[in-house]
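The structure appears right after this line, and notes come after that.
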Amino acid sequence: MSDNNQSNKNSNQDPKQPNFNFKNNRFALFLIIGLLGLSIALFMPTAENFGQEIPYSQFLSYLDEGIVTQVKIVDYSLIQGQLSRGTADGGAFTTRIPYTDSGLVQLLMDNDVRFSGETSPTSPLMIILNFLPITLGLVFIWILFRQVQGGGNKAFSFGKSKAKRYADQGEKKITFADVAGQHEAKYELEEVVEFLKNPGRFTKMGAKIPKGVLLVGMPGTGKTLLAKATAGEAGVPFFHMSGSDFVEMFVGVGASRVRDLFEQGRKNSPCIIFIDELDAVGRTRGAGYGGGHDEREQTLNQMLVEMDGFDTKDGVIIIAATNRPDVLDPALLRPGRFDRQVVVDMPDMKEREAILRIHAAKIPMGTEVDLTRIARATPGASGADIANLVNEAALYAARKNKENVETEDFEEARDKMLMGVARLSKVISEKDKLATAYHEAGHALLHYYLKDVDPLHKVSVVPRGRALGVAISLPDEDKYSRNKGWLHDRIVIAYGGYVAEQLVYGETTTGTQNDLKQATEMARRMVCEWGMSDLGPVSFGAEDEPIFLGKEIATHKDYSEETAKKIDNEIRKILDDCLERAYSVLREQREKLEVLAQALVNKETLSDDEVRLVLGLAKAGA
Ligand code: ADP
Ligand code: ZN
Ligand code: MG
């Protein structure tokens, strides 16, 4: 099942803001000093703030009256004078000369006024202010220049890593106890904790410790939480930075931030460096359209260089998180880099309950609230969704002035979550869950009633990636080539979801898209590549897959229209035959389909053994 639109954006922000550190933010400091200077300059008393400003005509009439005792002519344009009597400022006044008054001197002399000329004093601040635009421009060019040269990690904060540090003291330590479920992930990270607690012991034994651990999982599954908990368990500092922080406008900034981040790590070892959204920098190089990715590639290269330059005995472990491991540059996954991958799964019903318990413990709960039921009623919710749900419920209760959070608050919160306009999470309704269960049961059931198939590994209605559920089969042993019978049965199984939906609802959903695509692709390759049709052992349509072109353009057609028709016919024949077989098996096992779907609704995930138990079949291998 596939294709339920969903956003890859993580909707949860880290609630804790780091302490704002001026040392890391020299740019801000400069800015503040600049502003301060500017305001001082603006409010400084200047030559113009002298006495009361009066019109020039008024000044002339004062002269006439003979009450002006002395004047100072500033810059040939401004007159500051003193009257023998009058005005609020003890006789001080200012006036502007509106034009070049050639008669002024004569007039002053006639009236016996003492006068002198002066140019206004220029404060050093004024000089700086005058040159400020030019200075700023020069500084900016200098920064750019240094950045381009790649040596700019000291220029203001552009090249600084901005890493947020969560120290071991201060805020409450997060440990593995704060992470519900995720046993496998915790198990893997346990080793990292042991190492960080006592790096010496491990290196003495010559044991190989992973330098980088990659946490792979959908948004909200608790990757960040796990990384923090690892630091908390080990009692070491934790440096947190997001991949998108590295990607900036200026070329070279990202690379220099990477350098800075790793330097901080080295200085503070043992510690954990956590890089969230690794895919933002770690995308495969050279796959961008039309260039423009130099900055990102440079950042990625720097990251690779830094990781290689690290020695495990430095006591720094790098943990990264992504929900798109498929787009990562393979170089990142090579030994000595992120060579350890840890899958962080969406929680199933039991795990959802455990997460509920952790978060419910932080709020006053009514005694009647049944967390098991709430867990059951929130299929598809991630850890973050659950945390959110508890928070919302508490808000509803608070709004109603209640002492405790009650069932109805949870219900209200859940409804809101289900109906949210901008539905970021993929919480599924009861009805959709049942439909998914039928679909996946259709796939799963066929594994037990076809001949040439691999055994079922597990079937699940817990969403994963873009799929609403999965039915996974696992071969008994590694197989590199497959025969026609196996391929046919694969196509039949691919049709299982579609057919189950048809049988139960009389119509199908968009969730069948991927299945149909898979089936068609397999049939096409049987005919065109593997010679498994009546057209015989011929290969049609040589394929090459450059990165830049779509597949349609890249496949070059080396056969006639007539052959194309024949190929289509053969593909059709295979598909029709497989679809028919899927129908016949599932019609025959209609009751079992019902039973299995119900079991899936209740348990969400079933292993091979569990399916056999539900269906009343013999155990595998028996
Ligand atoms: P991710 O980094 O995978 O997107 P986060 O670690 O940011 O997810 O998880 C967001 C929040 O969801 C966490 O802060 C926590 O409150 C909650 N959460 C997620 N998974 C769990 C879990 N397994 N146990 C407890 N809380 C969880
Ligand atoms: Zn399917
Ligand atoms: Mg996260």
Side-chain angles (χ1 to χ4, degrees), residues 1-4 7-16 174-186 215-230 240-244 274-280 319-323 342-348 350-362 375 381-391 424-425 435-446 459-461 463-464 466-472 493-501 508-519 582:
M1 208 104 180
S2 76
D3 248 48
N4 189 318
S7 156
N8 279 334
K9 263 253 165 301
N10 190 345
S11 54
N12 326 282
Q13 294 291 325
D14 279 307
K16 288 170 206 94
I174 294 172
T175 64
F176 283 154
D178 296 302
V179 187
Q182 305 297 5
H183 299 290
E184 278 153 63
K186 280 188 205 166
L215 302 177
V216 178
M218 305 225 339
T221 45
K223 299 182 292 297
T224 310
L225 188 68
L226 271 165
K228 275 188 201 164
T230 310
H240 177 173
M241 200 151 160
S242 178
S244 51
F274 179 59
I275 301 171
D276 212 347
E277 296 175 53
L278 181 65
D279 43 292
I319 300 182
T322 183
N323 58 346
V342 175
V343 175
V344 186
D345 263 329
M346 286 289 267
D348 64 16
K350 275 216 187 69
E351 287 160 344
R352 286 203 301 273
E353 190 179 330
I355 299 172
L356 268 169
R357 282 195 197 292
I358 285 185
H359 290 277
K362 299 174 193 162
S382 69
D385 292 330
I386 301 276
N388 218 0
L389 178 83
V390 174
N391 191 42
L424 284 174
S425 68
T436 307
Y438 276 120
H439 179 106
E440 298 306 334
H443 287 306
L445 204 57
L446 288 169
V459 53
S460 162
V461 292
R464 205 169 292 255
R466 293 165 69 198
L468 291 173
V470 283
I472 307 168
I493 289 174
Y495 273 138
Y498 174 91
V499 171
E501 287 185 30
T508 59
T509 62
T510 53
T512 58
Q513 183 202 22
N514 198 37
D515 294 337
L516 302 188
K517 201 163 128 194
Q518 245 183 28

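All ligand and atom numbering here is 1-based and tracks the order in the structure. As the structure is a computational prediction, the values presented were derived from the model and not from experiment.
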Atoms in ligand 1 flagged as close to I355, the criterion being non-hydrogen separation under 4.0 Å: 22 (C), 23 (N), 24 (N), 25 (C), 26 (N)

For P219, atoms of ligand 1 separated by under 4.0 Å from a heavy atom: 4 (O)

Touching ligand 1 at all, [X]? Heavy atoms, strictly under 4.0 Å?
| X | result |
| --- | --- |
| G217 | no |
| I386 | no |
| H359 | yes |

Under-4.0 Å heavy-atom contact with ligand 1, by part of A387 that carries it: side chain

Within reach of ligand 1, part of D178 (heavy-atom separation under 4.0 Å): backbone

Closest to [atom] among [options] (heavy-atom distance):
| atom | options | value |
| --- | --- | --- |
| atom 22 (C) of ligand 1 | G222, A180, A227 | A180 |
| atom 10 (C) of ligand 1 | A229, A384, A185 | A384 |
| atom 1 (P) of ligand 1 | G181, A354, G220, G383 | G220 |

Worked verdict on E353 versus K350 for side-chain contact (heavy atoms from CB on, under 4.5 Å): CA-CA 5 Å; E353 190 179 330; K350 275 216 187 69; 5.7 Å; no

Are [X] and [Y] side-chain neighbours, meaning at least one heavy-atom pair lies under 4.5 Å?
| X | Y | value |
| --- | --- | --- |
| D515 | H439 | yes |
| K228 | L225 | no |
| E184 | D345 | no |
| V390 | K362 | no |

Spacing of L278 atom CG and S244 atom OG [to the nearest 0.5 Å]: 11.5 Å

Between CZ on residue R352 and CE on residue M346, distance to nearest 0.5 Å: 8.5 Å

Three-point angle D515:OD2, the Zn ion (ligand 2), H439:NE2, rounded to the nearest 10°: 90°

Verdict with supporting geometry, E501 and T509, side-chain contact (heavy atoms from CB on, under 4.5 Å): CA-CA 8 Å; E501 287 185 30; T509 62; 3.0 Å; yes

Before signing off on this row, confirm whether [X] and ligand 1 have an N or O atom pair separated by under 3.5 Å.
| X | answer |
| --- | --- |
| V179 | no |
| I358 | no |
| D276 | no |

side-chain contact (heavy atoms from CB on, under 4.5 Å) between D279 and N323, intermediate numbers included: CA-CA 8 Å; D279 43 292; N323 58 346; 4.1 Å; yes

